[in-house]
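First comes the structure, then the notes that go with it.
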There are 2 protein chains.
Amino acid sequence: MTVADDMRAKGMRMTVQRRLVLDALRRARHHTTAEEISRSIRASYPQIDPSTVYRNLEALERLGYVTHTHLDDRVTRWRRADSRPHGHLVCRKCGSEEEIAMSVLEPLAKRLKGEHGFRADLAHSAVVGLCRECAG
Amino acid sequence: MTVADDMRAKGMRMTVQRRLVLDALRRARHHTTAEEISRSIRASYPQIDPSTVYRNLEALERLGYVTHTHLDDRVTRWRRADSRPHGHLVCRKCGSEEEIAMSVLEPLAKRLKGEHGFRADLAHSAVVGLCRECAG
DNA sequence: GAGGTTATCGCAACTGCCCGCAATAGTGGC
DNA sequence: GCCACTATTGCGGGCAGTTGCGATAACCTC
């Protein structure tokens, strides 16, 4: 089942714009921003509006093809859903970012599930704090 | 030592705008938004610019008088630093919010400190996921 | 392949928030 | 009190992202 088929099966349409967003995400090897995707598409197809890119990222996310993460700035980071999930440590002072294994976050997820029935997505937002250097 | 003295000792100035922001934060009993603070101040002092409110919230945060938290929308929540810290569970589907004790988050903070030397502020961003009802 | 339905698009305007700049006004020293 | 210094302000404009709307174009049916 192709992405296009999956979309059609859900009453959605496979448009050129959608395909371009998917391609851009495939080319980007890691986290990307909507602005970056928009810019790379508009280099070849300037008539495609940034808002279309945003809406398509959301649509693809609803279908489970992409996910997004928030670090400690105002920019949303996007990645394909089939890339390996991981957590982020972001230093609020120097801005450094470190990726950490989900296994580190697992015990908290388990506890939230057990005590609150809450299915936590701990890859969704970075853990903010002070890195080793800045904590002093 | 009053807030004003503390500010002066750090080379900052106690302005009417600053005092109004502090007062608004004192009146608000829980999380507030900058927009809310701005609106309540501008009701009486319409000449005070929203950007001034934002800048003052940041200044007061640097001094340690207030902190902010991110739930799962684009709005920053502010509260006085002397209110009891706590975590948040936010459901990405129904939007429900639940407050949780910091003790639940403590073990992760301890582990991040031990394994990565990272001093995590786990009250800074909400844990996003699916609540008991939406997880099904 | 033509036609009708409606998901999606491009556009323009808007949001919460941030920033540069010239004008203003707290502050410490006299 | 008055002055000089400079932190802070209001303002205009920018940024990432969102939304309403009329026009367009994928899709299904025949």
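Owing to the predicted nature of the structure, the values given are computational and were not obtained by experimental measurement. Labels below follow one simple rule: chain letters A, B, ... track the order of the sequence lines, proteins then strands, and each chain is numbered from 1.
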Tell me whether the side-chain N/O atoms of A:Q47 come closer than 4.0 Å to OP1 or OP2 in C:dC9. no

For a quick test of reading the model: is some side-chain N or O of B:T15 closer than 4.0 Å to OP1 or OP2 of C:dA25? no

Can you check the [X] [atom1] to [N] [atom2] distance for me, whole Å?
{"X": "B:R19", "N": "C:dG26", "atom1": "CZ", "atom2": "C1'", "answer": "11 Å"}
{"X": "B:Q17", "N": "C:dT24", "atom1": "CD", "atom2": "P", "answer": "14 Å"}
{"X": "B:R8", "N": "D:dT6", "atom1": "CZ", "atom2": "P", "answer": "18 Å"}
{"X": "A:M14", "N": "D:dC27", "atom1": "CE", "atom2": "C1'", "answer": "13 Å"}
{"X": "B:D72", "N": "D:dT18", "atom1": "CG", "atom2": "C1'", "answer": "15 Å"}
{"X": "B:M7", "N": "C:dA25", "atom1": "CE", "atom2": "C1'", "answer": "15 Å"}
{"X": "A:Y45", "N": "C:dG10", "atom1": "OH", "atom2": "P", "answer": "13 Å"}
{"X": "B:I48", "N": "D:dG10", "atom1": "CD1", "atom2": "C1'", "answer": "10 Å"}

Results of side-chain hydrogen bond (donor to acceptor under 3.5 Å, both in side chains) for [X] - residues two or more places apart only:
{"X": "A:Y65", "result": "A:D6"}
{"X": "B:E115", "result": "B:R111"}
{"X": "B:H70", "result": "B:H68"}

Of the options D:dT9, D:dC27, C:dG10, whose atoms approach the side-chain atoms of A:T52 most closely? C:dG10

Both distances under 3.5 Å, Watson-Crick or G-U wobble: on that basis, could you give the dot-bracket string for DNA chain C, with [ ] for crossing pairs and | for other-strand partners? ||||||||||||||||||||||||||||||

Side-chain contact, heavy-atom cut-off 4.5 Å: B:L105 with A:L108? yes

Check: protein-nucleotides 14-18 of chain C nitrogen or oxygen pairs below 3.5 Å:
{"residue": "C:dT15", "atom": "O2", "partner": "B:R74", "partner atom": "NH2", "Å": "3.2"}
{"residue": "C:dG16", "atom": "N2", "partner": "A:R74", "partner atom": "NH1", "Å": "2.6"}
{"residue": "C:dC17", "atom": "OP1", "partner": "B:T76", "partner atom": "N", "Å": "2.6"}
{"residue": "C:dC17", "atom": "OP1", "partner": "B:T76", "partner atom": "OG1", "Å": "3.1"}
{"residue": "C:dC17", "atom": "OP2", "partner": "B:Y54", "partner atom": "OH", "Å": "2.8"}
{"residue": "C:dC18", "atom": "OP2", "partner": "B:E58", "partner atom": "OE2", "Å": "3.1"}

Please list, chain by chain and in numerical order, all residues satisfying side-chain contact (heavy atoms from CB on, under 4.5 Å) with A:L20, sequence neighbours excluded. A:I41, A:Y45, A:I48

According to salt bridge (Lys or Arg N to Asp or Glu O under 4.0 Å), who are the partners of [X], at least two apart in sequence or on a separate chain?
{"X": "A:R55", "value": "none"}
{"X": "A:R42", "value": "none"}
{"X": "B:R8", "value": "B:D5"}
{"X": "A:D23", "value": "A:R26"}

With nearest nucleotide decided by heavy atoms, which residue, A:N56 or B:A9, maps closer to the 5′ end of DNA chain C? A:N56

Give every residue pair that meets the salt bridge (Lys or Arg N to Asp or Glu O under 4.0 Å) criterion with at least one member in residues 86-107 of chain A, sequence neighbours excluded. A:R92-B:D121

Could you go through nucleotides 22-25 of chain D and list every protein N or O atom that sits under 3.5 Å from one of its N or O atoms, giving the distance for each pair?
none

Between the side-chain atoms of A:R55 and the base atoms of C:dG10, is any donor-acceptor pair under 3.5 Å? yes

Rounded to the nearest 0.5 Å, what separates atom OG1 in B:T69 from atom NE2 in B:H86? 6.5 Å

Test side chain to side chain contact (heavy atoms under 4.5 Å, CB included) applied to A:M7 and A:L60, step by step: CA-CA 9 Å; A:M7 298 196 109; A:L60 291 168; 3.9 Å; yes

